[in-house]
Q: 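Structure below; questions to follow.
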Amino acid sequence: MSSLKVHNSYSKKKEEFASIIPNHVGMYVCGPTVSGESHLGHARPFITFDVIYRYLKHLNYKVRYVRNITDAGHFEEEGRAAEDKISKKAVLEKLEPMELVQKYTNLFHWAMKQFNNLDPSIEPTATGHIVEQINMIEKIIADGYAYVVNGSVYFDVKKYAGKYPYGKLSGRVLDDLLETTRDLEGQDEKHNKQDFALWKAAPPEHIMRWKSPWGEGFPGWHIECSAMSTKYLGEQFDIHGGGMDLMFPHHESEIAQSTICNKHVPARYWLHNNMITINGRKMGKSYNNVIRLTELFSGNHELLTQAYSPMTIRFFILQTHYRSTLDFSNEALQAAEKGLKRLWEAYEELQKLEFDAYKERNEELEKTFYKLCGEFDEFMNDDFNTAKVLANMFTLVSNINSLKSGNLEKTTLSADCYAYVKKQFKAYVEDILGLQDENEDKRGRLNGVLDLLIDLRKEAKSKKDYVTSDKIRNQLNRLGILMKDEKDGNISYSFEK
RNA sequence: GGUUCCGUGGCCGAGUGGCUAGGCAGAGCUCUGCAAAAGCUUCUACAGCAGUUCGAAUCUGCUCGGAACCUCCA
């Protein structure tokens, strides 16, 4: 079997993966900013790295997966009037940052559950690690790579770049940045335009503030990740993940901060997922083209012709490689929805298939099964190519359906082969790709009712009482339950979305 | 303006030198009381131009088109 290779954004090459401590992996992924609702674009990294997390576990690594919650900064709820922040109002009338943060954190967790993402091992919050951040900043100041101006602290990028390869991750050249950086708030305080804030002094109306050696303020935008990843994963860890749009300045700054404090680039492998686009454009607040997850699940958005389930979205995302852009459209989502349904039904069918003693062995067919299932591992080892895994699965779907219908003889395969295919499918469909049955809740006691109706329909059919049999089928159909006559005389059913 | 990336059939997307994934849609056939489902078959593409090569979607150059980052951003 091949070994795991990952595309490292830091070296811009595909590299053999080797963990620092054998059998253990430390992985840090930039989490959500909980000042608003997550949208479709946000779903991508969390699903991507969930699959990576699952796959590493499948490879028997003990993984510590850390994903932060950014709940500190310049907070203001989307659309909420800025006056809320003025402190003269009564406590209950004021925007309470923690309330806002709680609301969106809960919503985020709800969405992650919907997607069947596993919980990270540790989900630290920025507000819970102010002390660690302050300590780190002090260290950077002591080392001479940061300076204090009016209660704010800035990182001295120019000095850093003199000694370390600043811009390596994002392919940035310091001199170019000098030319192009636009005017930003607090620019006049910085020694150089490319410097970034480690700590910002809080103006009086700012609602989030903490005491620090430099006065009341709040942490800069990048220091939380450096502080929390160091705390929970160590000075150097294996994988750092996030969206490509975070490479600069966020991850570049993280590297600079950690390099000064810990004398290391924090992570060995930097993995970045690409963006979800809509009409070829990145989905983002500034483009005014976001579809929130709640809207997606409910279909309640002008761009949506219908609702899409969390699993449909998960499948949609996994059908393309994580480093490619993925373009949203109703057509594409509908295709994913149908594809997933077909895959899932065949998967359930497979688990029900029983081994029949040989009549005549079909070696060609067995070889095909072994090959297609074996390649799942190869494809995942090649930088987590879920798209190829799914392609193979669909080829297998045809074969499974043929076995079911008798187009292919069940008696031509060995028990070993059945067992292997079942095992691989289960491992990949459920454990690694993290797909799950969306109709589970509808099943249960409904099953018994449907079995009864199936019996009645069979009876009617055997008496050629097609009026009754059609009535049962058609009525159920109207309720979104499809009855299907199988070749062998059995009747099966499936739920429409 | 700088840096980087991309342009694959009706749509979404794999794919890095020869063997032309896969899903969805369309067409035909088979099965079937009728349907549905499923199976089989079919439609077969690599923005354009030039070059390298026995051979290119895949390498090089140019042209056109699009995007991301350079600002919070998954």
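Below, chains carry the letters A, B, ... as their sequence lines are ordered, and counting in each starts from 1.
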Q: Identify, with sequence neighbours excluded, every residue that meets side chain to side chain donor-acceptor pair (under 3.5 Å) alongside A/Thr412.
A: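 Expected list: none.
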Q: Determine, answering yes or no, if A/Phe46 is stacked on B/rA74 under the 5.5 Å centre rule and the 30° plane rule.
A: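 Here A/Phe46 fails the 5.5 Å or the 30° condition.
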Q: B/rA37 base to A/Arg342 side chain: any donor-acceptor pair below 3.5 Å?
A: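 No such pair is found, so the answer is no.
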Q: With 3.5 Å as the limit, what N/O pairs link the protein to nucleotides 29-32 of chain B?
A:
none

Q: Indicate, yes or no, whether a donor-acceptor pair under 3.5 Å links the base of B/rC73 to the side chain of A/Lys282.
A: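 For A/Lys282, whose side chain was compared with the base of B/rC73, there is a donor-acceptor pair (under 3.5 Å).
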Q: Look at A/Thr320 and B/rA14 and indicate whether a side-chain polar atom (N or O) is within less than 4.0 Å of OP1 or OP2.
A: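 Yes, within the criterion.
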Q: May I ask you to evaluate whether A/Ser398 reaches the phosphate of B/rG39, defined as a side-chain N or O under 4.0 Å from OP1 or OP2?
A: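 Yes.
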Q: Of the listed nucleotides (B/rG13, B/rC70, B/rG22), which one gets closest to any side-chain atom of A/Asp327?
A: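 Nearest nucleotide to the side chain: B/rG13.
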Q: Just to verify, which of A/His240, A/His7, A/Arg323, A/His251 counts as forming a side-chain contact (heavy atoms from CB on, under 4.5 Å) with A/His272?
A: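 The side-chain contact (heavy atoms from CB on, under 4.5 Å) with A/His272 is passed solely by A/His251 among A/His240, A/His7, A/Arg323, A/His251.
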Q: Give each protein N/O atom lying under 3.5 Å from an N/O atom of nucleotides 4-11 of chain B, with the pair distance.
A:
| from | atom 1 | to | atom 2 | distance (Å) |
| --- | --- | --- | --- | --- |
| B/rC11 | O2' | A/Glu331 | OE1 | 3.3 |

Q: Has A/Arg172 got a side-chain N or O lying under 4.0 Å from the OP1 or OP2 atom of B/rU3?
A: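 Answer is no, no contact under 4.0 Å.
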Q: Find out whether the Lys NZ or Arg CZ of A/Arg67 is both under 6.0 angstrom from the six-membered ring centre of A/Phe46 and within 45° of the ring's axis.
A: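 Yes, A/Arg67 lies over the aromatic ring of A/Phe46.
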Q: Among the nucleotides B/rA14, B/rA68, B/rC70, which one has an atom lying closest to any side-chain atom of A/Arg281?
A: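 Nucleotide nearest to A/Arg281's side chain: B/rA68.
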Q: When all nucleic acid strands are considered with a 4.0 Å heavy-atom cut-off, which category describes A/Tyr466: base, sugar-phosphate, or nothing?
A: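 Touches a base.
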Q: Once you apply a heavy-atom cut-off of 4.0 Å, does A/Leu408 come out as touching a base, just sugar-phosphate, or nothing?
A: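 Counting heavy atoms under 4.0 Å across all strands, no contact is made by A/Leu408.
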Q: Taking B/rU63 as the reference, what is the distance to B/rG55 when you measure between their P atoms (whole Å, please)?
A: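 These two P atoms come out 26 Å apart once rounded.
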Q: Out of B/rC24, B/rG39, B/rA74, which has the shortest distance to the side chain of A/Lys338?
A: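 Side chain of A/Lys338 sits closest to B/rC24.
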Q: Please report the closest heavy-atom contact between A/Lys484 and A/Tyr493, naming both atoms and the distance.
A: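 For A/Lys484 versus A/Tyr493, the nearest heavy atoms are CE-C, 4.4 Å.
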Q: A/Arg44 or A/His321: which one's nearest nucleotide on RNA chain B is closer to the 5' end?
A: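 This one resolves to A/His321.
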Q: Give me the distance, rounded to whole Å, that separates B/rC62 from B/rC5 when you measure between the P atoms they each carry.
A: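 14 Å, rounded to whole Å.
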Q: Can you tell whether the side chains of A/Glu348 and A/Lys352 come within less than 4.0 Å, N to carboxylate O?
A: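 Here A/Glu348 does not pair with A/Lys352 in a salt bridge, since their nearest N and O are not under 4.0 Å apart.
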Q: Within the structure shown, what part of the strands sits under 4.0 Å from A/Asp470 by heavy-atom distance: base, sugar-phosphate, or nothing?
A: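 Base, at least one base heavy atom under 4.0 Å.
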Q: Determine whether A/Arg342 and A/Phe394 make a side-chain contact, defined as any pair of heavy atoms from C-beta on separated by less than 4.5 Å.
A: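 A/Arg342 vs A/Phe394: side chains touch.
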Q: Does A/Asp382 pair with A/Lys14 as a salt bridge, N-O distance under 4.0 Å?
A: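 Salt bridge present between A/Asp382 and A/Lys14.
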Q: Does B/rA74 have its OP1 or OP2 closer than 4.0 Å to a side-chain nitrogen or oxygen of A/Tyr322?
A: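 No, A/Tyr322 has no side-chain N/O under 4.0 Å of OP1/OP2 on B/rA74.
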Q: Please say whether the positively charged group of A/Arg172, taken as NZ for Lys or CZ for Arg, lies over the ring of A/Phe248, i.e. under 6.0 angstrom from the six-membered ring centre and within 45 degrees of the axis.
A: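 Flagged: A/Arg172 positioned over aromatic ring of A/Phe248.
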Q: By nearest heavy atom, map A/Phe316 and A/Leu390 onto RNA chain B; which one lands nearer the 5' end?
A: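 Nearest-nucleotide comparison on RNA chain B picks A/Phe316.
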